[in-house]
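Below, read A as the first sequence line, B as the second, and so on, with proteins coming before strands; counting in each chain starts at 1. Model, not experiment: these values are computed from the prediction.
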Amino acid sequence: MEIDFAKIEKKWQGKWEKEKVFQVKDSGAEKYYVLEMFPYPSGSGLHMGHAWNYTIGDILSRFKIMQGFNVLHPMGYDALGLPAENAAIEKGEHPEDYTKKSVANFTKQFKSLGISYDWSRMVNSSDPSYYKWDQWIFLKMLEKGLAYQKESEVNWCDKCNTVLANEQVHDGKCWRHDKTDVETRKLKQWFFKTTEYADELYEGLDKMDWPERTKAMQKNWIGKSHGTEIDFEVEGKKWSIFTTRPDTIFGVTFMVVSAQHAGLDELVTDEQRKDVDKFLKKLKSVSEKDSDKLDKEGVFSGSYAINPANGEKIPVWIGNFVVADYGAGMVMAVPAHDQRDFDFAKKYGIEVRQVIAPYFCDKECPPREGKRHAPRTVVQAIVKHPKENKIIQIQWKKFDWNTFVIGGAEEGETLEEAVKREVYEETGYKNIKSIKKIGFEMRSEWYALHKDENRYAYMNAFFVELSDLKKDEIADEEKEKHVVAWVDFDKVRDIYGPVSELNYICDALSSGESAYTNEGKLVNSDEFNEMNNVDAKDKITKWLAKKKAAKKVVNFKLRDWGVSRQRYWGTPIPVIHCEKCGAVPVPEKDLPVKLPKDVKFGKGNPLETNEKWLNVKCPKCAGKGKRESDTMDTFVNSSWYFLRYCDPNNSKKIFDAKKVKYWCPVDTYIGGAEHACMHLIYSRFYVKFLRDLGLVDFDEPAVKLFHQGMLHGEDGEKMSKSKGNGVLPEEVSGKYGIDTARFFLSGIASPDKDIDWSNKGINGSLRFVNKVVDLCSGVKIGKDSDEVLSKLNETVKNVSSQIDTFDYRTATIRLKELFDLLAKQKEISKVTLESALKMLAPFCPHVAEELWEKVGNKDFISKSNWPKFDESKVAKKGQGGDLNEKIIEDVNRILEKVADAKKVYVYVMPFELAKVDVKKVGKVVGKVVEVFAVNDSGKHDPEGKAKRAKPGKASVYVE
RNA sequence: GAGGGAAUGCCGGAGCGGUCAAACGGGCCAGGUUUAGGACCUGGUAGCUUAUGCUUACGGGGGUUCGAAUCCUCCUUCCCUCACCA
């Protein structure tokens, strides 16, 4: 039988619409809310990639309907935005008309895809009846102090001709124009206080069933960090400096203030003014080109700060690597223990003061209790051969270890002198070319077996170059102790005996000079010396707090959301500026503030070209007023649209709280990962705000989030008009049928992966669909074989859970297997055929409806009940079936392998399975066997041997 | 630099402690059908070899276990996100 895809698609789409198959009521059975991110209706229409995105949700939605849920599956348009306005500028078409046309076109295309949307609930954000509520929320935010205006440096994209939020700046470029540098401008802007919810936005993530990477991205973006605020006095003014490393306070040798800091001027002294101006000028000219590759640069401001820990006076520098609006915009620099500070200090010759010593405790000979020993200073020297690439290894005769040249420093001796002396004493070499310190002083602790005492060493490593091999005979006493050997420099890491600091020394030697950022013991830190630096963080904070110079704080990277845009096609901000009263909110009864149609596009903000709209009376004093001409960021519109779907036509309220309570939160939300830090954070913020207004009773917009992958063209490239690799749903539909394409795409890979379209590949799916059609027209209805029954039940079981977890790929495979088997049968029952068709329905809805009807049904398969499965009908393939039997089988097989065991413990889970017949098990092998039952918490497992016990499986422990 | 994810035949990808490595698709090879092509059907696609057989194989090294593609650990490589956040 041939199938006319175009014909049946039209037929069933018509029927679904006419019979309102997918329209839902706001009550009834258990609800399920499937949502795909609503699209921006562009003029170019939908391509196959879009179609696939929405199909992913459609499959889930249809499945949930058949499972008996009351499914809300709506669609709408995020219709405000720049492209419409740009089209207006380029083609002279009004954004409103452009949008209307695009929406109509999209809707037509959507409908021809046969997706299970309830079109009666469509929302369109460009409709005043929608954006009225954007304005209403704005007023509420204003009321609660969450919307505010401030003059600030903003991100400006020249191509968009408007301001961007921080989230919309990627890599210093505009998120829409990845070749356009974002500039900073000073403007008076409206902000939403997202920071008010920073902590909740951060902490809430842990509890959410969202993809790890999305949660990680959001965490990263919000950037919560615990630290200490330490007060430094700078020229008589208090600066609260944020740091996560209070333990390094004694190592602060300078301060760095951001070159962009607002209070910079006050810090610059007259003598330094010239240098500073020069520096700032240079920064400006560089940042345009390659701001990412900037070196750390700076200039001395002339001011000094007082370190509250020790009263020291330290210089304040101006640097290009400090972020102005994070923390205080000034940092305390500890060059010894922060790489950036280190680089900066080296460049400008500032002191590097060590306050943390790398600490090593010999694992093989750890210090013993009660055997204290006073610390002593020890030097180690890597001595290099004057000509060859070799170094000296001291091989100790009495103890089985090798070292570099090593020894204690004597009273009154400098470290260099000690090195010289030790080299001479141990090796006899007397002409040294250079001595170079390696890394920082260390702390090393071990138990010296031969002396029965603990050693605590202040260890210093040196790199020593000999100028020649002239040497004196060494003392007999030394000769007895060790042998001097030359070994390859490359093997430096292998030639050393059991001394734990080796790796640090070698790393420091090979990487050259750098800051030490790991853990260690405090040094040069007064009363905190020899304390572990991690413990010291808290101790020092408390100590400073007592002096009223510090407090523990939590800091966030997240900034407030700038929502003002200098463009036309957005939601007008409902504010009127009055000379007397300032910014006055438009009274609620006057909402919506509609966009005037009569404006001029081209230069500047179009809203300012309509004088009649612009000039109004102040609602407060009735004096002269001017409307706010900025509009809101379009992410405002998409932050709450999913709530409006629950009650889309309400003209009195934003929505009926009862309806939202029934439907929300969204159960499964599907959309691109690119929104992880924009739309998804904003809508979480909105939900929290609306919750605190008492309008909703949940904390997060969506229970589950799924990021679909992108559908690429056959060449593996992103589908685009310019590349000519786009695939249009209309064409596919005509050639293969939209259902065939759905089935094909479902079967390529997991829907969260990027996949490539393939004209060859779709043939395989066409073959399958034809096979199913042939089966339905040719098969003899009769009885099922056991094999068929088993396969059917197994398939129902698998496919049900696979659709739930978006494992569409495996589900299509199971369906192929099932239909393959059915096609081979002489006869099958009608129930079996129908069940198989039902499972096919979410993937191939039109074909399934058509065949459902062919088989003799009058109703819709889309509304039929999802088949149930019977575990007992699934054949035992050498396993399965009775768990008890299976476990006995398992155990016996294992026991045969471990024939020489004395005693065998068998663990089973869950608890109920303890009824495994012990005798039966033991008899087979003739061994002592004990069976334990284990529950989930590991109880009934006194010896902790059953860690590996898994439900339905036996775990064996052999003695 | 920080965080997240991944590595399995020619390719896309299943498998998530024992039954079982390579399901399922694509590609390729051979045979059948066919005037030919397409479509369709059958078999093959690590090696020995042609059998209801053995060997080698799940990025690499260690480990846990009676047993590891699967769990732990280190390393290598790749992808994504944020990156001077103190």
Side-chain angles (χ1 to χ4, degrees), chain A residues 167 170-172 211-225 227-228 230 241-246 248 252 255-256 258 291-297 319-334 337-341 343-344 517 555-559 673-674 676-677 707 743-744 747-750 752-756 758 760-768 770-771 774 807 809-817 820 876-880 886 889-891 893-901 904 945 947-950 953-959:
Chain A
E167 288 80 358
H170 298 159
D171 232 355
E212 281 310 315
R213 62 171 164 149
T214 310
K215 293 202 277 184
M217 274 190 239
Q218 292 201 6
K219 277 194 170 181
N220 225 306
W221 186 260
I222 299 166
K224 182 178 182 177
S225 64
T228 305
I230 302 177
I241 307 298
F242 180 76
T243 180
T244 54
R245 298 295 305 272
T248 62
V252 179
M255 309 293 284
V256 190
S258 167
S291 50
D292 4 330
K293 282 187 182 171
L294 265 190
D295 255 1
K296 279 152 205 66
E297 285 188 48
N320 63 345
F321 64 100
V322 176
V323 177
D325 52 359
Y326 183 75
M330 187 192 286
V331 299
M332 57 176 237
V334 185
H337 308 291
D338 181 284
Q339 194 56 44
R340 289 160 302 182
D341 298 347
D343 295 343
F344 194 87
T517 52
N555 223 337
F556 294 95
K557 282 205 273 186
L558 186 77
R559 319 285 158 73
E674 67 274 18
C677 289
H707 293 308
F743 195 82
F744 166 61
I748 296 179
S750 170
D752 58 351
K753 291 203 172 138
D754 289 351
I755 52 178
D756 298 342
S758 158
K760 271 187 187 161
I762 198 173
N763 274 319
S765 298
L766 186 61
R767 235 173 270 163
F768 169 77
N770 283 330
K771 205 188 272 179
D774 287 345
D807 191 5
R809 193 189 140 63
T810 341
T812 61
I813 290 162
R814 297 283 106 84
L815 287 175
K816 279 184 214 167
E817 286 172 0
D820 270 354
K876 314 171 192 172
K877 284 188 206 150
Q879 55 141 3
K886 191 183 131 200
E889 242 175 70
D890 265 6
V891 173
R893 195 183 51 246
I894 296 163
L895 289 180
E896 277 167 47
K897 279 209 257 176
V898 289
D900 47 347
V904 178
K945 287 169 183 162
K947 277 183 218 129
R948 302 188 308 278
K950 280 225 165 173
K953 288 208 166 162
S955 170
V956 176
Y957 181 83
V958 187
E959 225 170 55

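Of the candidate nucleotides C82(B), C84(B), A86(B), A86(B) has the atom lying nearest to any side-chain atom of Thr243(A). Of the candidate nucleotides A2(B), C84(B), G13(B), G13(B) has the atom lying nearest to any side-chain atom of Ala749(A). When the nucleotides C24(B), A86(B), A83(B) are ranked by their closest atom to the side chain of Arg809(A), C24(B) comes out on top. In the set A83(B), A86(B), G26(B), the nucleotide with an atom closest to the side chain of Thr244(A) is A86(B). Distances were taken from every side-chain heavy atom of Tyr326(A) (C-beta onward) to each of A86(B), G4(B), G12(B); the shortest belongs to A86(B). Of the candidate nucleotides C84(B), C82(B), A23(B), A23(B) has the atom lying nearest to any side-chain atom of Arg814(A). Among U81(B), C84(B), G4(B), the nucleotide with an atom closest to any side-chain atom of Met217(A) is U81(B). The nucleotide whose nearest atom lies closest to any side-chain atom of Lys296(A) is, among C84(B), C82(B), G12(B), C84(B).
The two residues Gly329(A) and Val322(A) come nearest to each other via the heavy atoms O-CG1, 3.5 Å. For the residue pair Cys677(A) and Met217(A), the shortest heavy atom distance occurs at SG-O, 3.6 Å.
Using atom C1' as the reference point in both U33(B) and A39(B), the two lie 11 Å apart (nearest Å). Annotation: G5(B) and G9(B) have their P atoms spaced 23 Å apart (nearest Å). Nucleotides U77(B) and U8(B) are separated by 16 Å at their C1' atoms, to the nearest Å. Using atom C1' as the reference point in both G17(B) and U64(B), the two lie 12 Å apart (nearest Å). The separation of U34(B) from A22(B), taken at their C1' atoms, amounts to 34 Å, rounded to a whole angstrom. Straight-line distance between the C1' atoms of G62(B) and U81(B): roughly 32 Å, to the nearest whole Å. Only the P atoms considered, G44(B) is 15 Å distant from G53(B), to the nearest whole Å. Annotation: C71(B) and C16(B) have their C1' atoms spaced 10 Å apart (nearest Å).
When rounded to the nearest whole Å, the span between CG of Asp752(A) and C1' of C80(B) equals 13 Å. Between the CD1 atom of Ile813(A) and the P atom of A23(B) there is a distance of 11 Å, given to the nearest Å. Rounding to whole angstrom units, CZ of residue Arg767(A) and P of G38(B) are separated by 12 Å. Distance, Phe743(A) CZ to C24(B) P: 14 Å, rounded to whole Å. Rounding to whole angstrom units, CD of residue Glu212(A) and P of G4(B) are separated by 8 Å. Residue Asn770(A) contributes atom CG, which lies 10 Å from atom C1' of A39(B) at whole-angstrom precision. The nearest whole Å value for the distance from the CD1 atom in Ile748(A) to the P atom in A14(B) is 13 Å. When the P atom of C80(B) is taken as reference, atom NZ of Lys219(A) falls 23 Å away, rounded to whole Å.
You'll find the side chain of Val334(A) reaches within 4.5 Å of the side chain of Met332(A), heavy atoms only. Put simply, the side chain of Val323(A) reaches to within 4.5 Å of the side chain of Asp325(A), judged on heavy atoms.
Nucleic acid contact class of Val322(A) (heavy atoms, under 4.0 Å, all strands): base. Backbone-only engagement by Gly764(A) is indicated by non-hydrogen atom pairs under 4.0 Å involving sugar-phosphate atoms exclusively. Among the atoms of the strands shown, only primed sugar atoms or phosphate atoms (P, OP1, OP2) are found under 4.0 Å from some heavy atom of Lys753(A). Within the 4.0 angstrom heavy-atom criterion, only backbone atoms of the sugar-phosphate kind lie near Glu817(A); the bases stay farther away.
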| task | Evaluate salt bridge (Lys or Arg N to Asp or Glu O under 4.0 Å) for Asp338(A) paired with Arg245(A), printing each intermediate quantity in order. | result | CA-CA 10 Å; Asp338(A) 181 284; Arg245(A) 298 295 305 272; over 6 Å; no
| message | Please determine whether salt bridge (Lys or Arg N to Asp or Glu O under 4.0 Å) holds for the pair Asp820(A) and Lys771(A), giving the CA-CA distance in whole Å, both sets of side-chain angles, and the decisive distance to 0.1 Å. | response | CA-CA 8 Å; Asp820(A) 270 354; Lys771(A) 205 188 272 179; 2.6 Å; yes
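Of the inter-residue distances, the one linking Phe242(A) atom CZ with Ile230(A) atom CD1 reads 10.0 Å to the nearest 0.5 angstrom. Here OH of Tyr326(A) is found 14.0 Å from OG of Ser258(A). Values are rounded to the nearest 0.5 Å.
Base pairing of C40(B): its partner is G32(B), meeting the Watson-Crick or G-U wobble criterion (both donor-acceptor distances under 3.5 Å). Across all strands shown, A22(B) forms no Watson-Crick or G-U wobble pair with both distances under 3.5 Å. Figure legend. C71(B) is base-paired to G63(B); pairs are counted as Watson-Crick or G-U wobble with both atom distances under 3.5 Å. Figure legend. A83(B) is base-paired to no nucleotide; pairs are counted as Watson-Crick or G-U wobble with both atom distances under 3.5 Å. The partner of A51(B) cannot be assigned: no Watson-Crick or G-U wobble pair with both contacts below 3.5 Å exists in any strand. The partner of U45(B) is G27(B), by the rule that a Watson-Crick or G-U pair needs both atom distances under 3.5 Å.
For Val331(A) and Gly761(A), each mapped to the nucleotide of RNA chain B holding its nearest heavy atom, the one lying further toward the 5' end belongs to Gly761(A). Between Lys816(A) and Arg559(A), it is Lys816(A) whose nearest contact on RNA chain B lies nearer the 5' terminus.
In this model, the phosphate group of A86(B) is approached by a side-chain N or O of Ser225(A) to a distance below 4.0 Å at OP1 or OP2.
Applying the 90° criterion around 0 to the glycosidic angle, G9(B) comes out syn.
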